[in-house]
There are 2 protein chains.
Amino acid sequence: MVLMATKTQRTERRTDALSKERIVEAAIEILDADGESALTFRALTTRLATGSGAIYWHVANKNDLLAATTNDVIARVMTDVASGAEPREAIRAIALGVFDAIDAHPWVGAQLSREPWQSAMLQIFESVGGQLQALGVPERAQFASASALVNYILGVAGQNAANARLLPRETDRTAFLATVAARWAQHDPAEYPFVHQVATQLSEHDDREQFLAGIDLILAGIGTIDPGSS
Amino acid sequence: MVLMATKTQRTERRTDALSKERIVEAAIEILDADGESALTFRALTTRLATGSGAIYWHVANKNDLLAATTNDVIARVMTDVASGAEPREAIRAIALGVFDAIDAHPWVGAQLSREPWQSAMLQIFESVGGQLQALGVPERAQFASASALVNYILGVAGQNAANARLLPRETDRTAFLATVAARWAQHDPAEYPFVHQVATQLSEHDDREQFLAGIDLILAGIGTIDPGSS
DNA sequence: ACCTGAACACCGTTCAAGT
DNA sequence: ACCTGAACACCGTTCAAGT
């Protein structure tokens with residue numbers, strides 16, 4: 001195919017032509033490999049063997065580029081998760097999908113908590129909202145319930161992204177949590193009794209389980225809503 | 001006092017000597033007046049009539065400075081709120097205090113969701129945790145409950161900060177929400193039925209009330225926890 | 001001990017010029 | 001229509017030199 005095309009190409013562009021997709025793809029690779037600070041237009045131009053102006057032809061600015069990369073990752077999560085399970089399970093699956101995506105691409109977390117009205121967020125909001133309807137949450141409470149869940153997911157997203165930024169590259173999670181727990185334990189117990197008390201639990205806990213426990217707590221709260229007349 | 005001191009000052013420094021407090025104070029003024037992007041070391045040196053090196057003598061780097069400013073604002077909120085009300089009311093007061101602080105200083109929201117293990121977060125965590133104990137939440141559930149509440153607050157913090165960044169300076173909130181709602185309504189109803197449906201509610205809702213509704217939802221969830229054997 | 005400010009090594013973004 | 005890359009106007013941070 002490719003060999004044939006070399007002869008008769010006419011309206012076809014060279015296969016490596018720039019496009020927003022190719023730029024986004026390259027940006028994701030850089031972000032995953034070396035983190036947020038490594039994504040510069042200079043790094044992009046080098047990787048794509050082009051000039052900075054070429055990138056600006058396809059992308060408005062860096063914010064636009066970051067929104068596009070985040071959107072890309074979240075869209076993939078949402079299509080993977082779309083299948084029809086029981087609503088409560090579906091919500092947990094959506095939440096875990098986002099959680100795992102941020103675990104795999106920590107920069108997504110930072111971006112999500114920075115640009116909440118962007119398309120990525122809309123997709124999460126839509127998925128969660130749809131499941132709440134399926135769950136039979138009364139209409140007047142759907143918006144607030146979806147917001148609570150999404151805000152919670154957003155909060156954890158930012159937190160996990162920050163952790164990943166602090167983590168000195170591939171440190172294992174338990175070692176990191178032990179460090180934070182030790183720092184917590186150092187605070188004056190008189191001034192920070194609660195922090196002091198839960199410091200041990202911190203080093204033992206499983207981030208992912210804890211995240212899910214929070215989702216379940218909110219779902220339990222939603223379960224207490226009076227179905228009312230609607 | 002000051003006049004007298006001018007004669008016999010010895011170990012005293014000139015009253016306008018630099019200090020971390022003075023730098024933090026100036027940073028907060030810049031952030032409040034012109035937003036995150038306005039806080040540069042050059043702007044700081046101009047305002048403080050000094051050199052960049054002088055600032056670095058008191059502050060490790062820009063991250064350190066931002067953490068200190070956030071810590072300052074949150075500390076003020078926590079001492080204002082500390083009074084002993086009923087636990088559930090106290091938690092609502094803490095949450096609203098943080099919410100209002102971010103409303104007044106949007107950059108705090110961005111920073112909170114960026115540096116969750118910092119001192120500012122610890123203070124919120126401690127306050128919330130203490131109230132959960134007073135509420136009689138069983139010990140095994142305290143950590144997860146506090147985390148859920150704090151993560152939720154964190155998520156809203158980031159969202160509000162982002163909104164403030166989008167807001168073209170002192171636009172009123174309802175006008176802004178109407179714009180977002182209009183954008184939501186533009187999406188294909190077939191693809192985004194839920195978003196489409198709640199778009200109207202979005203433009204009518206009160207951010208602050210909605211925030212509190214989420215807190216109440218989580219508190220309701222916490223209320224369903226089996227007290228167990230402790 | 002604390003401060004000065006020039007210098008360094010970067011950024012994102014623009015734009016005249018090319019194809 | 002799409003791409004090139006030099007140039008611009010910034011950054012945060014360092015450091016020799018001053019007091």
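Numbered from 1 within each chain, the chains take letters A, B, ... in sequence-line order.
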Intermediate values then yes/no, ring pair (Phe, Tyr, Trp, His ring centres under 6.0 Å), Phe194(A) and Trp184(A):
CA-CA 10 Å; Phe194(A) 181 71; Trp184(A) 279 28; 8.6 Å; no

Distance, rounded to the nearest Å, where Arg22(B) contributes CZ and dC3(C) contributes P
10 Å

Could you tell me the separation between the CD1 atom of Ile124(B) and the CE atom of Met78(B), rounded to the nearest 0.5 Å?
4.5 Å

Looking at His58(A), I'd like to know whether one of its side-chain N or O atoms comes within less than 4.0 Å of OP1 or OP2 on dA1(D).
no

Mind checking which stems touch DNA chain C? I mean at least 3 consecutive Watson-Crick or G-U pairs, both distances under 3.5 Å.
C:4-8 with D:12-16, C:12-16 with D:4-8

Does Glu29(A) form a salt bridge (Lys or Arg N to Asp or Glu O under 4.0 Å) with Arg22(A)? I'd like the steps, not just the answer.
CA-CA 11 Å; Glu29(A) 284 167 18; Arg22(A) 261 180 49 85; over 6 Å; no

Working note: Gln111(A) + Gln118(A), criterion side chain to side chain contact (heavy atoms under 4.5 Å, CB included); need CA distance, chi angles, decisive distance, verdict.
CA-CA 10 Å; Gln111(A) 187 58 20; Gln118(A) 225 60 41; over 6 Å; no

What's the spacing between Asp103(A) CG and Arg208(A) CZ if we round to 0.5 Å?
8.5 Å

Regarding Arg76(B) and Asp72(B), does a basic nitrogen lie under 4.0 Å from an acidic carboxylate oxygen?
yes

What does nucleotides 13-19 of chain C look like as a protein-contact string, B for base, S for sugar-phosphate only, - for none, at under 4.0 angstrom between heavy atoms?
BBB----

Length of the CG-P vector between Leu18(B) and dG5(C), whole Å
13 Å

Run the ring-centre check on Phe211(B) versus Tyr152(B) and record whether the distance is less than 6.0 Å.
yes

Write down the distance between CD1 (Ile55(A)) and P (dG5(D)), rounded to a whole number of angstrom.
12 Å

Please state whether the phosphate of dC3(C), meaning OP1 or OP2, lies under 4.0 angstrom from any side-chain nitrogen or oxygen of Trp57(B).
no

Just call it for Leu39(A): base, sugar-phosphate, or nothing, with non-hydrogen atoms closer than 4.0 Å on any strand.
sugar-phosphate

Using the rule given for side chain to side chain contact (heavy atoms under 4.5 Å, CB included), can you reason through Leu39(A) versus Trp107(A), listing the C-alpha separation, both sets of side-chain angles and the distance that settles it, and then say yes or no?
CA-CA 11 Å; Leu39(A) 182 65; Trp107(A) 48 273; over 6 Å; no

